[in-house]
Structure formats: C-alpha cells, structure tokens
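Structure, as structure tokens:
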Amino acid sequence: MKKTAQSQSKDIQKITYVGMGVNVGLAILKVVFGTLVNSVALLADGIHSLSDLATDIAVLVGIHFGSKEPDHEHPYGHGRIETFSAAFVALVLVLIGGGMIFKASMGIARMPDDVQQYSSLFGMVVIWISLISVVAKELIYRWTRNIAVRTHSAALYANAWHHRSDALSSIAVLIGAVAVLFGYPHGDRIAAIAVGLMIILVGVKVVNGCLNELTERSVDRKTVERIEKIIASEKQILDWHKLRTRSLGREVFVDLHVLVNPDLTVTEAHEIADCLECSLHEQISRPINVMVHVEPKLY
C-alpha cells in the first residue's frame with residue numbers, strides 16, 4: 001500500500017477510537033438518567049449511542065481488512081470490504097430509525113394517562129444531558145466527516161452521519177423535554193419519530209452510494225474532470241479516448257487509451273504513459289490505480 005493510503009488509514013482509525021470514547025460516555029449518561037426520569041427519547045438516544053460502538057467496530061474492521069495489499073486471489077485489492085462496512089453502518093442507521101419510530105408510535109397509541117411526567121429538576125437534567133450530547137456529537141461529526149472527505153472513505157462518511165444522527169436525536173430529545181415541561185406530554189415521542197425519519201433518510205442515502213460502487217458506477221464527476229484535465233496537460237499525448245473509472249473502496253481505478261506520435265519508439269511511448277501515471281498519482285488526492293493503453297495517432 002502507498003504511504004498516503006497508510007497515513008489515511010491511521011487518521012481514520014484515530015478519529016474512530018475518539019468517537020468510541022465519546023459514545024461510551026454519552027451512552028452511560030443517557031441510559032442512567034433516561035431511566036431515572038422515564039424518558040423514552042433519552043433512553044432511545046442512549047441505546048443509539050451504544051449502537052455507535054458496533055458501527056465504530058465495523059469501520060475499524062473494514063479499514064483493517066480493506067487496506068490489505070493485493071494478493072493472488074484479490075489482485076485488485078480488498079477495498080470492497082470497506083464498501084460492505086459502509087453498507088452495514090447504513091443498514092444499522094435504517095434499523096435504528098425504524099425502531100425509534102415504532103417505539104415512539106406505540107407510546108403515543110397507549111392510553112392518554114400513559115405519558116411522561118418530569119419534575120422540573122429531572123426535566124432540566126434531561127435538557128442539560130441533551131445539550132452536552134448535541135455539542136459533543138456535532139464536533140465528532142464534523143471532525144469525522146472532514147477526514148472521510150479527505151480520505152474518500154465511504155465507511156467513515158457513513159459513520160460520521162451516524163454521529164450526526166445522534167446529535168439530531170439529542171436535539172429531538174431536547175425539544176421533547178421542553179414540550180413535556182410546558183405541558184405537552186407526547187412531545188418526547190413525537191420528537192423521537194422525527195429523528196427516526198431523519199436517520200432512515202441518511203441510511204438510505206449511504207446505501208445508495210454503496211450500491212453505485214458495487215454496480216461499477218464511475219467516480220464522481222469532479223474527479224473525472226480532474227483526471228481529464230491532467231490528461232490534457234500532457235503535451236505529448238495527441239488525443240485520448242475510452243476513459244473508464246470506478247471506485248474500489250477508497251481507491252480509484254482508471255484505464256484509458258492515449259494516442260501518440262506513431263514515429264516514437266516503444267520506449268518513448270512507454271515513458272509518456274509513465275509520465276501520465278505519475279501525474280495522476282501526484283495530483284489526485286485519492287489512491288489511484290492507472291492502466292494506460294498507448295496507440296499511434298493515425299493521420
């Protein structure tokens with residue numbers, strides 16, 4: 001593996017371990033105080049924080065095995081493992097969102113007197129815990145997302161949104177707690193339903209991205225345009241065609257045909273292809289695997 005890919009993996013592992021520590025602390029706070037004040041949304045939020053540990057582990061496993069060097073049985077590497085890791089995290093998001101909606105809906109459907117009643121003291125405790133969770137998870141989300149974008153890690157990007165979903169659910173708990181204190185008993189549960197819907201939408205979005213990769217869709221348009229610009233900048237390449245791209249985990253695979261002066265020797269033509277490969281490696285931020293087919297330009 002290239003040095004840059006190794007560095008990226010270390011960054012991904014570092015932020016994931018930090019996120020795990022935050023999840024444990026928040027889960028304890030939410031479950032303990034959610035039980036004390038009988039808050040459905042706060043309990044669900046605490047369970048969501050615990051579930052983040054499972055997705056953190058999935059990301060670490062995906063990065064560990066997905067970063068392995070190509071071997072005889074996997075000549076293109078193991079990047080698909082990261083894709084499956086991202087899909088797993090996304091499916092967990094969908095299940096969590098659905099579970100929150102179901103539990104909150106059943107609570108609303110019960111008898112009118114089966115509602116939550118906070119004392120002012122415990123209501124304020126819920127509010128403060130929610131505020132702490134919102135700030136902590138939003139900071140972790142932004143940090144994680146920045147690294148995910150820089151490393152082009154679908155698994156880490158999905159996990160970043162898992163962190164944000166926790167922040168969103170805490171906002172909903174906060175709104176629900178305030179509603180209960182002001183005499184609207186089902187505010188807690190309605191907030192949980194809203195959060196569940198948001199989490200499901202995020203999960204579906206991430207799953208869609210994984211399916212695009214598994215069906216060999218080309219890389220994003222911005223990256224393709226960057227590749228085309230680099231090819232065009234090589235003066236000895238007279239023309240090019242059949243540019244194809246695809247993603248395999250964090251790595252981009254590119255193959256294309258370039259047309260060169262037919263009077264060049266094989267060695268000279270090969271050097272042009274090598275120069276293009278070097279330029280792509282240097283100017284594309286993602287790990288890239290390039291296959292260049294050299295053809296003579298026929299006038």
Is there a side-chain contact between [X] and [Y] (heavy atoms, below 4.5 Å)?
X: His163; Y: Asn23; answer: yes
X: Thr265; Y: His270; answer: no
X: Val252; Y: Leu280; answer: no

[X] and [Y]: same hydrophobic cluster, using ILVMFWY side-chain contacts below 4.5 Å?
X: Tyr17; Y: Ile28; value: yes
X: Ile227; Y: Met291; value: no
X: Leu256; Y: Val224; value: yes
X: Met20; Y: Val24; value: yes
X: Phe88; Y: Leu211; value: no

Can you tell me how far the [atom1] atom of [X] sits from the [atom2] atom of [Y], to the nearest 0.5 Å?
X: Arg246; Y: Asn289; atom1: CZ; atom2: CG; value: 8.5 Å
X: Ile15; Y: Thr144; atom1: CD1; atom2: OG1; value: 4.0 Å
X: Leu26; Y: Ser133; atom1: CG; atom2: OG; value: 4.5 Å
X: Ile140; Y: Arg164; atom1: CD1; atom2: CZ; value: 13.0 Å
X: Lys235; Y: Ile272; atom1: NZ; atom2: CD1; value: 13.5 Å
X: Ile147; Y: Arg150; atom1: CD1; atom2: CZ; value: 5.5 Å

inquiry  = Under a 3.5 Å distance rule, please check whether Asn146 uses its side chain to pair with a backbone N or O of Arg142 as donor and acceptor.
reply    =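 The answer is yes, because a donor-acceptor pair under 3.5 Å joins these two groups.
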task = Just do the side-chain contact (heavy atoms from CB on, under 4.5 Å) check on Leu259 and His241 with the steps written out, would you?
result = CA-CA 8 Å; Leu259 280 66; His241 57 225; 3.7 Å; yes
task = Could you point out which residue of Ile288, Ile284, Thr245, Val254 forms a side chain to side chain contact (heavy atoms under 4.5 Å, CB included) with Val219?
result =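 Per the side chain to side chain contact (heavy atoms under 4.5 Å, CB included) rule, the option paired with Val219 is Thr245, out of Ile288, Ile284, Thr245, Val254.
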inquiry  = If the test is salt bridge (charged side-chain N to carboxylate O under 4.0 Å, His left out), which one of Lys229, Lys222, Arg221 qualifies with Glu225?
reply    =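 Between Glu225 and the candidates, salt bridge (charged side-chain N to carboxylate O under 4.0 Å, His left out) is satisfied uniquely by Arg221.
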Closest approach of [X] and [Y], non-hydrogen atoms and distance?
X: Glu228; Y: Leu243; answer: CG-CD2, 3.7 Å
X: Val292; Y: Ala273; answer: CG1-CB, 3.9 Å
X: Val207; Y: Ala90; answer: CG2-CB, 3.4 Å
X: Leu264; Y: Ala269; answer: CB-N, 4.5 Å
X: Glu234; Y: Ser279; answer: OE2-OG, 2.8 Å
X: Gln236; Y: Val260; answer: O-CG1, 3.9 Å

request  = Starting from the C-alpha separation in whole Å, work towards a yes-or-no answer on side-chain contact (heavy atoms from CB on, under 4.5 Å) for Leu201 and Leu197.
outcome  = CA-CA 6 Å; Leu201 288 175; Leu197 288 172; 5.6 Å; no
Crowding at [atom1], [X] (>12 non-hydrogen neighbours, <6.0 Å):
X: Glu138; atom1: CD; value: yes
X: Phe253; atom1: CZ; value: yes
X: His293; atom1: NE2; value: yes

request  = I would like to know whether Leu60 and Gln13 meet side-chain contact (heavy atoms from CB on, under 4.5 Å); could you show each step before the answer?
outcome  = CA-CA 6 Å; Leu60 292 173; Gln13 291 170 345; 4.0 Å; yes
key: side-chain contact (heavy atoms from CB on, under 4.5 Å) between His257 and Trp240, intermediate numbers included   = CA-CA 6 Å; His257 293 221; Trp240 55 271; over 6 Å; no
